[in-house]
Amino acid sequence: MRAIRFVLAFVVGFVAWHDARAGIDVNGDSFDDVVVGMPSESVDGEPNVGAILVIPGSGTGLKQGSAQWITPKDVGIGPLDVQKGFGERLAAGDFDGDGFDDVAIGCPAYSVAGKKKAGLVVVLRGGPSGLRTSGVKKWSQASPGIADKPDSEESPKDSLENFGRDLVAADFDGDGRSDLAIGVAESFTPFHEKSGAVHMLFGSKKGLRSARSRFLHFGVKGVPGSLGVYDDPNGADWTRFGTSLAATDVDGDGRSELVVGTKMPYDADTFDCALVFKGAKKGIDTASVQVVPYDGDASSVHESLGTPNLFVADLDADGFGDLVFGCPEQSAADELGAGTIHVFRGTAAGIDPTTHVQIDRGLVAVDGLAVQGAQFGRACVTGDFDGDGVPEFAVGAPGDPIAMHPSSGSVHHFSTGPALVSTTGDFTITQEDPGIGGMAFDVEQFGLQLATGDYDGDGFEDLVIAVPGENVGGGAYAGVAHVIYGSAMGLDLAGSQLLSQIDLLASDGPEPGDRFGAVLAR
C-alpha cells in the first residue's frame, strides 16, 4: 500500500514552499545544512541555558560527528545562571549578500539593561567554516536606532516583552539581501498590555542595520485595527500583533510580503487574522495592508484556536505565494485539539480570502482519523522530494497517538495542485513505519518541528522530522531527529537517517530534558 501511495504522490505531487530559496547553506558548499535550536540544553551543569547545532550537509547526506556547537559563552553572553533559552527561535538568511547564509537567534527570555525577559536577538554570519562566533551582532530594544526601549507598563523592574519571540527572514525591499522581522510582546500602556509589535531590520553589505528600521503595531498609520483590549469569548483579550510571522512573495513582484499573525477580531464571529504588508523598495508599505481572517470570513462560530501558526508557499506553482494558517488547537470532527490547516491562494492583487480551503483529518478524503489532541498543523513545510520541480507538502501532528502511545506523533504527506492542497494519494508517516529508526512511544512528539533541504546535493529535497521527546540512552526527553532522503520515487523511508547528540558531537552528549530538535531554523 505504501508503495502505491508513493507512486501516486510522484504522479500528482505539486507544490512550492520556500520563499525564492530552498534550504540553508551557512558554509557555501552547495549542500544544505540543518540548524537546530536547543533552548533547554544544559551548559556547564546549568539547566535550560540553551545552545544551537549546525549540522553540515555533504555528498553523503548530513555529516555525523562534525556538527558545530555554539553556546551563549561562545558569543559573549552570560552569566549562564541568569540568561536562559538561547536558541528559542531561529531564522536564516543572507543578510550581507556574501553568499553564505547567516542565522538570527532569538532569545526572548534574556535580560537587557536590567529588565528581565526584555529579549535579545543574536546574529551570526556564515562563512566557509560555518557560523562565525566573531563579529557577532546583538540586537534588542536597547540597541541604537531601534524604536522603543526594553521596558514595560506591566512592571517597573521587568520587561516581559520578549523581543525575538518570533523571527522571519526574507527580502522585503528586493535588493537581493535578506531582511529580518522580529516579533515582540509590546505593551504600550497598562490598558494595552501585550498588544504586540514587529521590528524590521534591513540587510546591507555589512549585514543587518538599524538604518531604515521599522516599528509596526496597531496605531501606526495605515495599519488596520487599534490598540485596545478585545472581548474574546475564549479569554485571549490581547491583540497580540506579531504572535506569528511569515514571509513570501504573494503578488509575484520579486519582493516578499510580511505576514503578521494577530488576535484582532475580524467580525463578531471570527478572531485570529493575518495582516499582509506589501514589500516595497523602501522596505514595507503600510498604505494598503490586507486583513485575512483564518476562516476566510465564513462567519464561523468563534472557537478556541490557541495561537495559529503562519506558513507560506506557492502551493499551486503559479508564481504567487499562498498562505496557510496552522491551527493545531482547533477541533475537527468534534475532537478537541485535533487540528486543522486553512489555506488561501495568492494572486497579483494579494491573498484571495474567497479561495479558503480547510484541511483536517475529519475529512473522508484525508488519510487517518481526527483524534483529540493530535495537533495536526503544528508544523508545515514543503520540499521537492521526487525532483520533478513540483514539491510536496508535509504537516506535523505531534500529539497524534500511535500504537496506543499518547502524543507519539505523526507527519502527513500531501500533494498539491490547482486546488492548493490535494488529498489524492496522501499518507501518514510515523515511527512505526519500516525504515524509520526507533519506535513509537509516549510523548515523543514526532513532527513537532519540520525542515527541508537538499542535504546530499542529489537534486532531491529531503525532510527532517524532529522528535524532541525521544529518550536517548539515559536521557529522558533528550531528543532525536529523523532525516528522510528524497528520491525519484519520493521520500525513501528505507534509507532514513537517525540523528542524536551522540552521533553529532564529541563535546556534549544527550542529557535529560535537552529536547534536541525542539527548534529548527527556517
Side-chain angles (χ1 to χ4, degrees), residues 17 166 168 183 194-196 198 218 223-225 230-248 250 257-277 289-313 315 320-347 350-363 366 370 374-380 393 395-397 412 414 416 419-421:
W17 186 265
D166 202 8
V168 67
K194 299 186 186 301
S195 180
V198 174
F218 291 120
V223 178
Y230 296 97
D231 185 20
D232 182 337
N234 289 290
D237 56 352
W238 300 312
T239 52
R240 299 190 185 188
F241 184 98
T243 191
S244 181
L245 301 174
T248 187
V250 172
E257 275 64 61
L258 174 64
V259 188
V260 178
T262 78
K263 287 286 183 182
M264 182 183 75
Y266 183 79
D267 55 27
D269 300 302
T270 306
F271 287 65
D272 298 292
C273 298
L275 305 186
V276 183
F277 292 82
V289 183
Q290 184 180 11
V291 182
V292 182
Y294 84 93
D295 64 352
D297 194 21
S299 298
S300 300
V301 176
H302 185 70
E303 61 177 306
S304 176
L305 301 181
T307 300
N309 299 312
L310 297 177
F311 306 98
V312 287
L315 292 167
F320 304 108
D322 309 309
L323 173 63
V324 178
F325 286 81
C327 300
E329 303 298 331
Q330 190 174 10
S331 297
D334 296 324
E335 296 289 349
L336 295 174
T340 67
I341 59 173
H342 299 263
V343 187
F344 300 85
R345 190 184 309 279
T347 71
I351 297 295
D352 182 356
T354 67
T355 59
H356 170 241
V357 177
Q358 179 174 338
I359 303 291
D360 59 63
R361 283 178 167 166
L363 300 177
V366 176
Q375 295 195 330
F376 175 85
R378 180 69 178 267
C380 299
F393 183 36
V395 180
H412 207 113
F414 293 96
T416 64
L420 297 178
V421 177

Answer whether the closest heavy-atom distance between the side chains of [X] and [Y] falls below 4.5 Å.
X: Val259; Y: Leu323; result: yes
X: Phe218; Y: Thr262; result: yes
X: Leu275; Y: Met264; result: yes
X: Val366; Y: Phe376; result: no

Using the side chain to side chain donor-acceptor pair (under 3.5 Å) criterion, which residues pair with [X]? Sequence neighbours excluded.
X: Asp360; answer: Gln358
X: Glu335; answer: none
X: Thr340; answer: Gln330, His342

**Request:** To the nearest 0.5 Å, tell me how far Thr347 OG1 sits from Asp322 CG.
**Result:**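 The CG atom of Asp322 is 9.5 Å from OG1 of Thr347, to the nearest 0.5 Å.
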
**Prompt:** Between CZ of Phe393 and CD1 of Ile341, what distance do you get to the nearest 0.5 Å?
**Reply:**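 The distance works out to 4.0 Å.
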
Any sub-3.5 Å donor-acceptor pair from [X]'s side-chain atoms to [Y]'s backbone N or O?
X: Thr355; Y: Asp352; answer: yes
X: Asp166; Y: Leu245; answer: yes
X: Ser244; Y: Leu310; answer: yes
X: Gln290; Y: Gly350; answer: no

Where [X] and [Y] come nearest, the two heavy atoms and their spacing:
X: Phe344; Y: Ile351; answer: CB-CG2, 3.6 Å
X: Pro328; Y: Gly377; answer: CD-O, 4.1 Å
X: Val312; Y: Ala246; answer: CG1-CB, 3.9 Å
X: Gly362; Y: Ala370; answer: N-CB, 3.8 Å
X: Gly242; Y: Val198; answer: CA-CG2, 3.9 Å

**Prompt:** Of all residues at least two apart in sequence or in a different chain, which pass the salt bridge (charged side-chain N to carboxylate O under 4.0 Å, His left out) check with Arg361?
**Reply:**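 By the salt bridge (charged side-chain N to carboxylate O under 4.0 Å, His left out) rule, Arg361 matches Asp400.
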
**Message:** Run the side chain to side chain contact (heavy atoms under 4.5 Å, CB included) test on Val343 and Leu315 for me, step by step, so that the C-alpha distance in whole Å, both residues' side-chain angles and the decisive distance to 0.1 Å come before the verdict.
**Reply:** CA-CA 9 Å; Val343 187; Leu315 292 167; 3.3 Å; yes

**Under the side-chain contact (heavy atoms from CB on, under 4.5 Å) test, residues paired with Pro308 that sit two or more places apart** =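 Per chain and number, Pro308 pairs via side-chain contact (heavy atoms from CB on, under 4.5 Å) with Lys263, Asp272, Leu305, Phe325, Cys327.
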
**Item:** Residues which pass ring pair (Phe, Tyr, Trp, His ring centres under 6.0 Å) with Phe277, listed by chain and number, not counting sequence neighbours
**Value:**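 Listed in chain order: nothing, the list is empty.
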
